[in-house]
Amino acid sequence: MAGKDKGRILLAMTGYSPRPWYDLLSKERTVVTQPDGSADPTIHYAVAWKQKPNLLSKLPNLRAIFSVGAGVDHILSDPTLPDVPIVRVVADNLTKQMTDYVLWRVLDHYRRGLTYRAQQKRKVWREAPPAGDISVGIMGFGELGRAAAKVLTACGFTVRGWSRTKQSFDGVETFAGEAGLKPFLNGTDILVVLLPLTPQTTGIVNYRLLRQLRRKNGLGGAVMINAGRGRLQKDADILRALDDETLIETSLDVFEVEPLPRTSPLWNHPRVFVTPHAAAMSDPAHLVPLMLAQMDAFERGEPLKNLVDRKAGY
Ligand code: NDP
Ligand code: OXD
């Protein structure tokens with residue numbers, strides 16, 4: 001099939017600028033941004049981020065949905081989602097950004113970056129003692145969690161991983177499921193959350209969970225870093241945990257409500273480091289060629305890669 005005669009793509013995005021995606025996708029296929037409203041039989045693929053509800057269900061010949069992100073909660077939340085395969089992002093470029101973010105935040109807490117920045121503002125010359133042996137627990141030991149684990153172990157941290165099904169990984173103690181959660185948390189000083197948002201994980205990072213982290217360590221308390229999804233956590237519970245020093249510090253890239261409302265006390269808290277859901281950003285220049293290659297391969301009869309397990313929810 002030649003260029004523009006191939007299956008068309010619907011760009012079904014809200015909260016993202018469709019322009020760069022449109023420009024790159026339309027080099028090889030016809031891209032529709034505003035469907036004519038009803039059942040366009042020429043559309044075979046949707047490239048989606050928080051698509052408008054009921055939009056995809058109207059397309060009679062939709063063959064696959066490509067998520068613009070690694071997480072797919074924004075796609076699965078549509079109750080009328082058609083039963084077609086969903087491909088999520090697994091890409092070196094995204095994984096590297098997340099590894100950088102995790103390493104940056106772990107090292108910054110470990111080397112007391114927040115304390116020193118506050119001291120510098122007040123021109124205070126005071127050494128903070130070294131934190132010593134610190135264990136980093138990665139909650140969500142998938143593509144992103146495992147890549148971060150590799151770098152953190154190479155940096156000399158003791159690393160542990162928690163997942164739904166038991167994983168094995170060189171140099172990392174692994175835990176799985178509900179039974180593994182308590183022992184995982186009890187030996188973790190710095191918790192890194194890289195879980196997908198599913199009905200099972202919603203609200204999992206709450207006060208009760210944070211209380212189970214190890215606080216007797218050279219940092220003077222537990223640290224939590226969330227770069228998974230905001231609704232995994234309870235913002236109010238994090239503030240409570242900071243106030244009673246269950247948590248000594250936290251880095252948050254994601255929030256229950258995004259953008260983080262200007263009225264949120266998290267913005268000004270001296271022991272909170274905020275980034276605007278930017279830990280790993282989907283770069284169309286890297287991702288569009290992967291999507292187009294998958295569409296071509298699929299049309300040659302090859303199986304799609306990086307498929308979402310709809311039953312598991314991620
Ligand atoms: P993966 O699907 O590769 O890994 C998910 C991990 O979470 C797996 O280890 C899985 O277990 C585990 N998990 C899922 N459900 C449960 C559960 N109920 N209990 C215990 N463990 C569970 O995803 P990625 O690593 O690629 O991405 C993780 C998330 O990171 C995304 O879903 C997205 O929300 C977020 N993200 C955030 C970004 C940002 O900029 N802040 C950028 C990119 C992604 P198992 O191994 O058994 O399947
Ligand atoms: C993603 C994200 O899921 O950017 O990829 O949040």
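Whatever order the structure lists ligands and atoms in, that order sets their numbers, starting from 1.
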| request: Considering heavy atoms of the protein only, find what lies nearest to atom 25 (O) of ligand 1 and give residue, atom and distance to 0.1 Å. | output: Leu144 N, 2.9 Å

| Starting from atom 4 (O) of ligand 1, which protein heavy atom do you reach first, and at what distance in Å? | Gly142 CA, 3.2 Å

| message | I want to know if ligand 1 touches Thr198 in the polar sense, i.e. an N/O pair below 3.5 angstrom. | response | no

| query | Does Met139 come within less than 4.0 Å of ligand 1, judged by its heavy atoms? | reply | no

| field | Non-hydrogen atom of Tyr101 closer than 4.0 Å to ligand 1 | value | no

| query | ligand 1 and Asp253, any nitrogen or oxygen pair closer than 3.5 angstrom? | reply | yes

| query | If you measure from each non-hydrogen atom of Arg229 to ligand 2, which part falls under 4.0 Å: side chain, backbone, both or neither? | reply | side chain

| field | Any donor-acceptor N or O pair under 3.5 Å, side chains Asp244, Tyr207 | value | yes

| What part of Ser67, side chain, backbone, both or neither, has a heavy atom within less than 4.0 angstrom of ligand 2? | neither

| Considering only heavy atoms, which of Ala70, Pro196, Ser282 lies nearest to atom 1 (C) of ligand 2? | Ala70

| said: Below a 4.0 angstrom heavy-atom separation, can you tell me which part of Leu195, side chain or backbone, both or neither, approaches ligand 1? | reply: both

| task | Take every heavy atom of Gly69, measure it against each atom of ligand 1, and state whether any distance is under 4.0 Å. | result | no

| request: Within a distance under 4.0 Å of any heavy atom of Leu194, pick out the atoms of ligand 1 and give their elements. | output: 28 (C), 29 (C)

| Ala280: numbered ligand 2 atoms lying under 4.0 Å from its heavy atoms | 4 (O)

| task | Would you check whether His277 reaches within less than 4.0 Å of ligand 2, judged by its heavy atoms? | result | yes

| field | Under 4.0 Å to a heavy atom of Tyr314 - the qualifying atoms of ligand 1, by number | value | 2 (O), 10 (C), 11 (O), 14 (C), 15 (N), 45 (P), 47 (O), 48 (O)

| field | For atom 16 (C) of ligand 1, the protein heavy atom that lies nearest, with its residue and separation | value | Arg164 CB, 3.8 Å

